[in-house]
Amino acid sequence: MNTLTTFLNLLIFPGGLFLLIISTVYEWVDRKLVARYQNRVGPRWFQPVADIVKLLAKEEIIPNGVRAELFIGLPAVALAAILASALYTPMFGLQPAFSFRGDLIVVLYLLSAMTLSLGLAGANTIDRFSLIGATRTLTQLFSYEAPFLLALLGPAIVAGTWQINEINAYTGTHLWILITQPVGFLVALIGLMGKLELPPFDAPEAETEIVSGALTEYSGRGLALFRIGKDIELVIGLTLISTFYLGGLSNPLWFVLKTGVLLVVVAGLQSLFARLRIDQTVGLWWRIGALLALFQLLAIIVLRLVL
Amino acid sequence: MKIGALLGDVVRSLFKSPATINYPAEPAQAPDNLRGKLIWDNRRCTGCKLCMNDCPANAITLHIIDRKEKRFVMEYYENSCIFCAQCVHSCRSEALRMSNTVWELAALHQEDFKYYYGKQEDVKSLLANEAPGFAGADD
Amino acid sequence: MEDTQKTLDTADELLKPLGIPTNRPEDYRLDASVVPANLLEVAKRIKEAHWGYLSTITGLDHPEPESRESKDRQWRHIQDEAMLDDLESSGAVEILYHFCCGAAVLSLRLLVSYSHATIPTISNLFSSASLYEMELAEMFGVRIQGIPQEHLLLPEDWPKNVYPLRKSFHGLKESGRH
Amino acid sequence: MNHKPSADEKFIIPIGPQHPALKEPGHFEFSVDGEIVTGATVRLGYAHRGIEKATEERSWQQNAYILERICGICSHIHATAYTIGVERLAGVTISPRANTIRTLVAELERVHSHMLWWGVAAHEGGFDTLFMYTWRDRETIMDILENLSGNRVNYSANLLGGVKFDIDQKQVDMIRKGIDFLEERTHYYYQVITTDETFLGRTENIGTMTREQAESLGSVGPTARASGVERDIRVNAPYAAYTDFLIKMITDTAGDLKARFVVRLKELFESYRLIREMLDNLPEGELVVRVPRRIPEGETISRVEAPRGELFYYLASKGGDKPERIKVRTPTLPNWSSVLSVIVGHKLADVPMMLVGIDPCFSCNDRMITLQRKDNSDVWTWAKLRQYGIDYYK
């Protein structure tokens, strides 16, 4: 792989620029859908871009009682982790830029690195709201990590490989895993919403309780980086679930269609429920989510032995 | 105990047009008896100053240039007016009413909210001798 | 309307044994003139009889001193000499305890002069009273024994013994604040 | 001030005056022993504008407008209490038509206030869609009020001696159409609030107040009626047109947060019925009767039922054109004392939702209640209060 194509991959196609564009488009679609569900007009198309540009232009204030290097470094780490994980997913329906055996585990690790750095960013300050936000983010991270991983392992076992683009090829040719493993799909979808802290699981940034949780102290560049990271995480989450459960992504049209439908469902779920208290989310997820995922795995293994 | 009691409404509103309008691009229609900006009719005014005394926000000052020829000037501060129409009801000669079209209160500086109602020459003469301590001069 | 009269009559019976002078300024109201000494006594009787609830406590400022002979309703019922001398020298604060039961309103009227404005608290009988008493203390300068003495509505740095709801108060500038 | 209390020492959790839950300035101090709240004080006064002092320097006509601005959502009921008192002092009886219009606007305002409240309560519980829908439907009632009076919020319908506007047939039909739509929506919301799992998780048997507690603490309005206390001034001491148009008092026995929601929603059905009844037989009569500029000497007490409970006005006049004294006691005040003493003994985690439960209106009552006070304190934020409670639940 000569340096030019890697350079191109890193910076232009599945890497930086393309991701920025597609994440703002998806954020806009998400906010517009939630608005329409709530019978509101919703933001104009360039609103997410405007937000990010405004934030980047703003001065970044470093509050005292905070370790400056961590305060500045963490948003960059978060964004880097997310951008790296994007390289291994079949972004826009095309082959992933890089692929090696076991890259599914690396992608999942990178995704949780993002939430981890968000939690650390909150814990780094002495402001009460972000301390509370940080503890809630980390509690939610631990409770959503395992079932989400199990839900993604289901199709991986069926496909017999840990490499995303091989799974992509497998799901492309076979029956949609959604039909064979519906429970897994449900657990994955709700796990994604828990990971992205979308309502009803938005206790870590409950606006009426703790202002904006771990991000309360952030402004300007740091906040912009975290916001972009969150949007890209949404896009990657949607691509992962559609590659695994909705019969793979072979061309851009399929990509847009499948992730679009998924986004409509996610936005609908967002506007349907009241915010669960953190103890309710964790209680719900460990009791129901984890068990369902385990049963799903058990069923697959048993079926494979029988068939 | 239902999960997501709002499901029907949420899905339906996806296809309904939004209830919000993007004002000011689309104008917001006001009802016909909206209490907007005060309008004074100097032909009917008798200079009794009832409106001035009853106004809870002291938004009206009535200057009497000449009582016999009924030449008055009303100084009206739209930014301190609270649009309660007490003056309209206190006025015995129906010289005041509130417009239902002018209600958008936005201006670049305070002076834009200060209106002088009355004939041109009265207003000019009032402003001409608007020397300090003028307020008491006309009574 | 007649059951309001009945409620007012029951209130009257309640107060008769204590020899409290009462009158009815309006058909739904009963005024009873009390003095600091028998205030707690009256309040306890009202509470035991479950006669309605304490709605609020109003303070009235009477700044002008009044000579004994004047027939004004203010001090007709007061006998003790020391109080009468006070009333001739300084103004007074009248405190009304309003109790409501259905449509009837019983108001206990209590007069204290500026110099001897200390009254007992009734908040251990009616717990919501402490709020109204705190406001009364702050706004009219009446010392109330038994409730914490600190600012309730006015900011912490409000100048000492400046009482805003007294007629003499016309704004902070004259009363010595910057 | 930030001294760390030792384990057995109780400590105070001060919250506010700006706290993200309620958008109005109130400062709470909960003294807590381990997990249970042992004492609660609320220090208000941040919205204290010295209104009672201001009324002593304004004429009787002007006072109606300053008293109307005590509270944003119940402005009409303040003006009604005031004008009824002044008319009684002046010995003026207003025409039945003006009386009915005044009561009609009071009921429309009750619908407006209750809808605003449960939208905000839903928002507090994180149920933003319900908040959006409720406030969208609330536009109907605000359009009705704007159409009638010419102003969306401070409708200033009252004048000394009557009302400012008349209601013609076109407006009657407009109100009727709006009320039908609102009634159908209230049925729908009643369904949602009493069945939605996530919402019940935040309201069922939280902040329960028994009937004795409610009575002895002097709580008023829907908060008291949710605990079974029969206190509704429209029924006990009917004023304005409530003597001819009778209202049924809605009570509940559960006394918890859900009961407070249910009582307020059922009250709305009662208000819709009353509004229709008033529209059906709107009596004749002129709008305003002349009231002298100088009100004869005397004093009176005017009690009305505001959306949040009993509103108490004491008016005294010395015969001038300015009042001698106007005392206002707003309904949220005793509700504060009743809820804060009920909070004592409750878990910390339920406190935020309970505070929203009484539909507090800070600007309505710039006062404070002191029940218990400890000297040492450790500074926590509102969020830490919530988190402290939530850890307890885990």
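Protein chains get the first letters and strands the later ones, always in sequence-line order, with residue 1 at the start of each.
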Max heavy-atom pair count under 4.5 Å with chain B, selected residue of D/Ser59, D/Ser149, D/Ala64: D/Ser149
Residue part contacting chain B, namely of D/Asn147, when any heavy atom lies under 4.5 Å: both
So what's closer than 4.5 Å to chain D heavy atoms on B/Val88: side chain, backbone, both or neither? neither
Please identify, among D/Gln61, D/Arg136, D/Arg58, D/Lys164, the residue contributing the most non-hydrogen atom pairs under 4.5 Å to chain B. D/Lys164
Tell me which of these, B/Val10, B/Asp9, B/Asn53, has more heavy-atom pairs under 4.5 Å with chain D than the rest. B/Asp9
Quick one, B/Glu78 with B/Tyr76, criterion side chain to side chain donor-acceptor pair (under 3.5 Å). Give me CA distance, side-chain angles, the key distance, then yes/no. CA-CA 6 Å; B/Glu78 197 184 7; B/Tyr76 170 59; 5.0 Å; no
Based on non-hydrogen pairs under 4.5 Å, which of B/Cys55, B/Gly36, B/Pro31 is most in contact with chain D? B/Pro31
Is the D/His112 ring parallel, tilted or perpendicular to the D/Tyr155 ring (thresholds 30°, 60°)? tilted
For the pair D/Tyr189 and D/Trp118, evaluate ring pair (Phe, Tyr, Trp, His ring centres under 6.0 Å) and give the outcome as yes or no after the intermediate values. CA-CA 10 Å; D/Tyr189 289 129; D/Trp118 92 66; 5.7 Å; yes
Quick one: which of D/Leu159, D/Asp143, D/Thr129 has the most heavy-atom pairs under 4.5 Å with chain B, could you say? D/Leu159
Salt-bridge present (D/Asp252, D/Lys258; N to O < 4.0 Å): no
Plane angle bin for B/Trp40 and B/Phe72 - parallel if under 30°, tilted between 30 and 60°, otherwise perpendicular: perpendicular
Proximity breakdown for D/Phe165 and chain B, heavy-atom pairs closer than 4.5 Å: neither
For the residue pair D/Tyr82 and D/Trp60, does the interplanar ring angle fall in the parallel (under 30°), tilted (30 to 60°) or perpendicular (over 60°) class? parallel
Is it the backbone or the side chain of B/Asn100 that comes under 4.5 Å from a heavy atom of chain D, or both, or neither? neither
Measure distances from D/Leu130 to the heavy atoms of chain B and classify the residue's part below 4.5 Å as side chain, backbone, both or neither. both
Just checking, is any N or O donor in the side chain of B/Gln110 or B/Asn79 under 3.5 Å from an acceptor N or O on the other one? yes
Sole candidate of D/Leu104, D/Val288, D/Ile101, D/Val105 that passes side-chain contact (heavy atoms from CB on, under 4.5 Å) when paired with D/Val163: D/Ile101
Go through the atoms of B/Ser13 and report whether side chain, backbone, both or neither lie under 4.5 Å from a heavy atom of chain D. side chain
Please look at D/Arg293 and chain B and tell me whether the side chain, the backbone, both or neither of the residue comes under 4.5 angstrom of a heavy atom of that chain. side chain
